[in-house]
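Positions are given from 1 along the sequence.
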Amino acid sequence: MTESSLKPTADKLGIFISGLCAIHCAMWPFLLSVSVILPDWAHIGHGWFWFTVIAALAVWSIAHGWKQHRDRRVFFYASFGLGCLILAIVTEAWTGIWLESALYVIGGCLMVAAHWRNHRRCRCVEHVHTAGCEH
């Protein structure tokens with residue numbers, strides 16, 4: 001695979017991983033409340049794993065996209081998404097599971113939006129502009 005073919009793949013993978021993170025974090029409070037097997041401390045540390053994977057994909061794919069389209073919304077969504085994820089991780093010990101999960105879900109959804117827009121903008125840069133363009 002060439003680097004140019006990896007760019008769209010990175011955004012698609014970013015959409016999938018960020019969406020999976022958001023779904024996982026939205027369901028986590030429910031899973032903890034109905035499970036007698038999983039203690040409350042079972043989720044400690046999972047945030048750093050998700051953040052590392054999501055941030056690595058975001059930095060690589062969005063940085064490459066920025067060189068092509070310079071869309072500030074992509075950067076805005078990614079910045080606030082990563083910020084929500086960091087805030088959820090850092091405040092994990094002081095906040096309740098519901099607030100923590102909400103921050104993860106918001107962060108994951110913003111990352112999905114950033115990757116989606118980045119993917120769309122990168123595809124758009126590569127084609128001939130017509131009256132049917134979305135921008």
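- Hydrophobic clustering (ILVMFWY, side-chain heavy atoms < 4.5 Å, transitive): Phe49 and Val90 are in one cluster.
- In the hydrophobic clustering of this structure, Leu20 does not group with Val105; members are Ile, Leu, Val, Met, Phe, Trp, Tyr whose side-chain heavy atoms approach within less than 4.5 Å, directly or through other members.
- By the rule that hydrophobic residues join a cluster once side-chain heavy atoms approach within less than 4.5 Å of another member, Val59 and Phe16 end up as members of separate clusters.
- Hydrophobic cluster membership of Phe80, counting Ile, Leu, Val, Met, Phe, Trp and Tyr whose side-chain heavy atoms lie under 4.5 Å apart directly or via other members: Phe76, Tyr77, Ile106, Leu110.
- Between Glu100 and Ala88, the shortest heavy-atom distance links the atoms O-CB, 3.9 Å.
- Rounding to the nearest 0.5 Å places NE2 of His119 at 6.5 Å from CD1 of Ile15.
- For the pair Trp66/Asp71, no side-chain contact is recorded, criterion being any heavy-atom separation below 4.5 Å from C-beta on.
- Here Asp11 contributes atom CG and Trp116 contributes atom CH2; the two are 10.5 Å apart, rounded to the nearest 0.5 Å.
- Residues Leu13 and Val112 are members of separate hydrophobic clusters, defined by side-chain heavy-atom contacts under 4.5 angstrom among Ile, Leu, Val, Met, Phe, Trp and Tyr.
- Here the shortest heavy-atom pairing between Cys122 and Gly65 reads SG-CA, 3.5 Å.
- The aromatic rings of Phe51 and Trp48 lie perpendicular to each other, with more than 60° between the two planes, well past the 30° mark.
- Taking every heavy atom of both residues into account, Ala10 and Leu57 meet most closely at O-CD2, 3.9 Å.
- When all heavy atoms of Ala78 and Met111 are compared, the closest pair comes out as O-SD, 3.5 Å.
- From Arg121, atom CZ reaches atom CZ of Arg73 across 9.0 Å, with rounding to the nearest 0.5 Å.
- Separation of atoms CG (Asn118) and NE2 (His64) is listed at 11.0 Å; rounding is to 0.5 Å.
- Taking all atoms of both residues into account, the shortest heavy-atom contact from Ile62 to Ala114 is CD1-CB, 4.0 Å.
- For Ala63, the side-chain contact (heavy atoms from CB on, under 4.5 Å) test picks out no residue, with sequence neighbours left out.
- Here NE2 of His69 is found 12.5 Å from CZ of Arg120. Values are rounded to the nearest 0.5 Å.
- Note that the CG atom of Leu87 and the CG atom of Leu99 stand 7.5 Å from one another [nearest 0.5 Å].
- Counting heavy atoms from C-beta outward, Leu103 and Leu85 have side chains that stay 4.5 Å or more apart.
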